[in-house]
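Atom set for the values below is all heavy atoms of this structure, side chains included, hydrogens, waters and symmetry mates excluded. Each chain gets a letter, A, B and so on, in the order the sequences are listed, and its residues count up from 1. The shown structure was predicted, so the numbers you read here are calculated from the model rather than taken from an experiment.
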Amino acid sequence: MDVLYFAWVRERIGVPKETVDTGAKTVAELVEELKAREERYAAAFADLSALRVAVDQELTDFDASLDGVREVAFFPPMTGG
Amino acid sequence: MDVLYFAWVRERIGVPKETVDTGAKTVAELVEELKAREERYAAAFADLSALRVAVDQELTDFDASLDGVREVAFFPPMTGG
Amino acid sequence: MRISVQEAAFDLGAEASSFASGHKDMGAIVTFTGVVRDLARGDLDRMVIEHYPGMTEKALEKIASEAQARWNLGDVLVIHRHGALEPGDMIMMVATAAPHRKDAFEAAEYLMDYLKSRAPFWKKEITRDGADWVAAKDEDEDALSRW
Amino acid sequence: MRISVQEAAFDLGAEASSFASGHKDMGAIVTFTGVVRDLARGDLDRMVIEHYPGMTEKALEKIASEAQARWNLGDVLVIHRHGALEPGDMIMMVATAAPHRKDAFEAAEYLMDYLKSRAPFWKKEITRDGADWVAAKDEDEDALSRW
């Protein structure tokens, strides 16, 4: 599964995109797996209320299922316009 | 005093502007004088709720004083924009 | 602030560009353009707009000044045509520049609501079958109560 | 409907003219243009806008389609830039065409409110002293509750 990071999440983790092999069933489980990996993930995901998530390019929440999902993206609240 | 008419008021009275010699103290008194003159004025001023009035180029109401006034205009509700 | 009451057509693109340029501290530019619509029957030949020279400019300036007093605006533009127009012709435009979008939007809506019912313009619609003065709409008068 | 996510500058005048032309039954055209503002300290060197290619277009199309479903609109335009911009540069614009002004205004405000908080763009401000991601504002999130 492709995992993408944007804005300060990308900067904190250090890569814009990576391929992750995971058995996580939900976004929240994936976040726990990543946090356990390395300090930079733990730092980026420390406060989930400051983050948003998209699954296959649709905004969703951390309870979302990863069943059949190809792409997950993490980023701060958007500031368009 | 100059009296101006616009839109269908102008068409009904037949002139865009005329100079009127009047002792009327208010717009309402001026209207009564004009109505008494000729049928075309009586027809134009039959329903005052369908008319608006400006005194010296400021919107006002029919109670407005004519003291020192140089120009009075009668017209239907405006349809700009 | 620029107010123009004119018979000639205006160029929306050129006006919008010129209005928007040179406002470094204005994050938000709103324009509204009014276009002559055909009648439901599709037989509008032309629309003729009458106005009250002298009062029109004063009324528009008053409306624009009131908008500048009520909102945090950097600039206001009002252009309104008179004379004969055809379906598809642009009748008028307003533009507002503000630091924030809420001010720019609200001020533009305010300008339009007041222009509709408080600026001395009268529209007449000419078809093959005759001519009719456009009646003022209750909803346009009611729109003023919002402000 | 036209949605464009682009790095290149756009020409507000040309876009507004082109959008407004050829809509005989649309009496009302509203445009909103967002411009890069300098910081209060006056030291903004540039703003860099990051986005999520693929998702951005989908999100903008969804927002524009929702506006078309909610209001009586003839057409919608959304242009949003990414990359590096300077103070005074235009970031984005939306335009709406509708038979009536209320629809055109409300739809444009709706587009802007959703663009601010639901389209995947992130702004970073670069000054001589460093770089900061622009924080989302509570008021922008709150603005969505209006709709």
Margin query: Can you tell me which of Gly34(D), Ala59(D), Ser117(D) forms the most heavy-atom pairs within a distance under 4.5 Å of chain A?
Written below: Ser117(D)
Next item on the list: Could you tell me which portion of His51(D) (side chain, backbone, both or neither) has an atom closer than 4.5 angstrom to a non-hydrogen atom of chain A?
Entry: backbone
Return a table of donor-acceptor pairs under 3.5 angstrom between the side chains of residues 72-81 of chain A and protein atoms on other chains or two or more places apart.
residue: Thr79(A); atom: OG1; partner: Lys123(D); partner atom: N; Å: 3.0

Item checked: Main-chain N/O of Arg81(D) paired to Gln6(D) side chain as donor or acceptor, under 3.5 Å -> no
Margin query: Show the nearest heavy-atom pair for residues Ile49(D) and Phe121(D), with the distance to one decimal.
Written below: CG2-CD2, 3.8 Å
Check: Can you check salt bridge (Lys or Arg N to Asp or Glu O under 4.0 Å) on Lys124(D) and Glu11(A), steps first, answer last?
Finding: CA-CA 12 Å; Lys124(D) 192 176 195 173; Glu11(A) 290 176 339; 2.2 Å; yes
Item checked: Aromatic plane relationship, Tyr110(D) with Trp147(D) - under 30° parallel, 30 to 60° tilted, over 60° perpendicular -> perpendicular
Check: Are Glu106(D) and Arg70(D) within salt-bridge range, i.e. N to O under 4.0 Å?
Finding: no
Check: What residues of residues 40-54 of chain A sit under 4.5 Å from chain D when you count only heavy atoms?
Finding: Ala54(A)
Note to self: Do Asp2(A) and Thr19(A) pair up side chain to side chain, a donor and an acceptor below 3.5 Å, judged on atom types alone?
What the structure shows: yes
Next item on the list: Could you look at Lys62(D) and say if it's the side chain, the backbone, both or neither that has a heavy atom under 4.5 Å from chain A?
Entry: side chain
